[in-house]
Amino acid sequence: MPTFFQSKDLLPPELLARWDHAVAEYDRVLQGICGDSAACRLFYYNQIREKSALFWRLLNGKDPLPMPPPTRYSYPWYGIIEEPGPHQVGDIGFHAYGKPLGQQLAEIRGTDREDRLFIEQCGWSVLSRNAAAQDMLETLQSGEFTLDDQNRLMSAGPEWIVQYRAWPAYRLFVQRYRRQTLPRFMEDTLRLIDKSSWSWTNTVMIRERDDGGVELESDGWFLEKQE
């Protein structure tokens, strides 16, 4: 769980000067989102300001977004909205997609089937998918899924069009990327591959570095805003 600053007393003068404004704006934003809902405030309101991404944003003189952004492991992901992509993502929950929802959740969602992919633990609605993504779903749901299947499916170029709330749609796709490790960690790397981590599919060694490191190339998932 990230901590954006240690305490109010340790803030530099330029941030401390914005403290009262940030407190008032933080409360205003949360009131607008939650109204009188205690459950909503419990979900959104971070009582520890040092751990609030929104409060840190306000303290640095930035304006709040017009609506909450997607989250990344429960924290607001401002970069996916404000920074040019593509953005690499790792933890994606495919297995639940298309499966029946419980009665209470189905009533809230207005659908009896799971219609979201959980990207780094945040639910994004699925607008469409290509044939390779459909093949991926069917293979995952068959219950007979191997590392060879994963390598094949990622090589086929699965793509999804997803959306979070009323933000623009994004393309979730596969792209090759470079990573580095040290020889003494190669065994741990291979264990990750054996466990069918999505982050390590079709991994190949590119070269050994002069500093003793090893450069690898893998398939990975990326999000990019649709034009």
Side-chain angles (χ1 to χ4, degrees), residues 2 29 33-34 40 43-44 53-54 57 64-102 104-143 145 147 149-177 179 192 195-202 218-227:
V29 171
I33 294 172
C34 299
C40 179
F43 180 79
Y44 280 105
L54 173 58
R57 176 183 178 87
L65 295 179
M67 58 184 165
T71 58
R72 197 173 198 178
Y73 301 113
S74 301
Y75 274 79
W77 189 4
Y78 294 108
I80 193 72
I81 303 299
E82 297 178 320
E83 299 169 8
H87 302 266
Q88 188 177 354
V89 294
D91 179 17
I92 305 178
F94 295 103
H95 289 75
Y97 184 78
K99 292 187 176 180
L101 292 173
Q104 186 175 13
L105 188 55
E107 290 175 0
I108 294 172
R109 294 268 200 91
T111 176
D112 60 356
R113 296 269 167 181
E114 179 60 80
D115 60 352
R116 299 178 183 176
L117 292 185
F118 286 83
I119 302 173
E120 304 205 335
Q121 300 180 2
C122 178
W124 292 65
S125 298
V126 174
L127 303 183
S128 65
R129 58 185 180 271
N130 67 2
Q134 179 63 33
D135 185 21
M136 174 178 287
L137 271 182
E138 293 172 359
T139 303
L140 284 170
Q141 294 170 356
S142 72
F145 180 64
L147 179 59
D149 287 325
Q150 181 167 287
N151 288 336
R152 172 182 60 81
L153 293 167
M154 292 289 274
S155 295
E159 291 191 8
W160 310 70
I161 304 300
V162 295
Q163 186 175 28
Y164 181 78
R165 297 195 175 191
W167 290 109
Y170 283 72
R171 181 171 69 106
L172 177 66
F173 65 101
V174 175
Q175 180 173 285
R176 300 292 286 174
Y177 71 102
R179 63 199 315 164
L192 284 172
K195 290 179 181 177
S196 299
S197 166
W198 286 111
S199 302
W200 291 94
T201 52
N202 295 308
S218 303
D219 283 341
W221 288 103
F222 291 79
L223 273 172
E224 187 171 49
K225 188 183 299 184
Q226 290 285 96
E227 297 298 334

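As a basis for the values below, the full set of heavy atoms in this structure was taken, side chains included, without hydrogen atoms, waters or symmetry mates. Owing to the predicted nature of the structure, the values given are computational and were not obtained by experimental measurement.
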Within the 4.5 Å heavy-atom criterion, are Phe118 and Asp91 side-chain neighbours or not? no
Just wondering, more than 12 heavy atoms not from Glu82 lying within 6.0 Å of its CD? yes
Main-chain N/O of Trp167 paired to Gln163 side chain as donor or acceptor, under 3.5 Å: yes
Within this structure, what is the CG-NE2 distance for the pair Leu117 and His95, rounded to the nearest 0.5 Å? 12.0 Å
If I compare all heavy atoms of Val89 with all of Leu172, which pair ends up nearest, and what's the gap? CG2-CD1, 4.0 Å
Met67 side chain near Ile81 side chain, heavy-atom distance below 4.5 Å: no
Checking Gln121 side chain against Thr71 main chain: does a donor-acceptor pair fall under 3.5 Å? no
Nearest 0.5 angstrom please: Ile119 CD1 to His87 NE2, how far? 12.0 Å
Spell out, as yes or no, whether a donor-acceptor pair under 3.5 Å connects the side chain of Gln175 to the backbone of Gly220. no
Identify the two heavy atoms, one from Asp112 and one from Ala106, that lie closest to each other, and give their separation to 0.1 Å. CA-CB, 4.1 Å
Please examine the side chains of Leu101 and Ile108, heavy atoms only from C-beta on, and report whether any two atoms are closer than 4.5 Å. no
Partner of Trp221 by ring-ring contact (aromatic ring centres under 6.0 Å, His included), out of Phe94, Tyr177, Phe173: Phe94
Looking at Glu114 and Lys99, does any basic side-chain N land under 4.0 Å from a carboxylate oxygen? no
Tyr164 ring center near Trp77 ring center (under 6.0 Å): no
Walk me through whether Arg72 and Ile80 qualify under side chain to side chain contact (heavy atoms under 4.5 Å, CB included). CA-CA 10 Å; Arg72 197 173 198 178; Ile80 193 72; over 6 Å; no
Gln226 CD to Ile161 CD1 distance, which is reported to the nearest 0.5 Å: 4.0 Å
Rounded distance (nearest 0.5 Å) linking atom CE of Met136 with atom CZ of Arg129: 12.0 Å
Just verifying a value: how many Å separate Leu140 CG and Asp149 CG, rounded to the nearest 0.5 Å? 9.0 Å
Closest heavy-atom pair and its distance - Ala53, Pro76: CB-CD, 3.7 Å
Write down the atom of Leu153, the atom of Pro158, and the distance for their closest heavy-atom approach. O-CD, 3.1 Å
Please examine the side chains of Trp124 and Arg116, heavy atoms only from C-beta on, and report whether any two atoms are closer than 4.5 Å. no
Short question: side chain of Asn202, backbone of Arg176 - any donor-acceptor pair under 3.5 Å? no
Would you compute the distance between atom CG of Leu127 and atom CH2 of Trp160 and round it to the nearest 0.5 angstrom? 12.0 Å
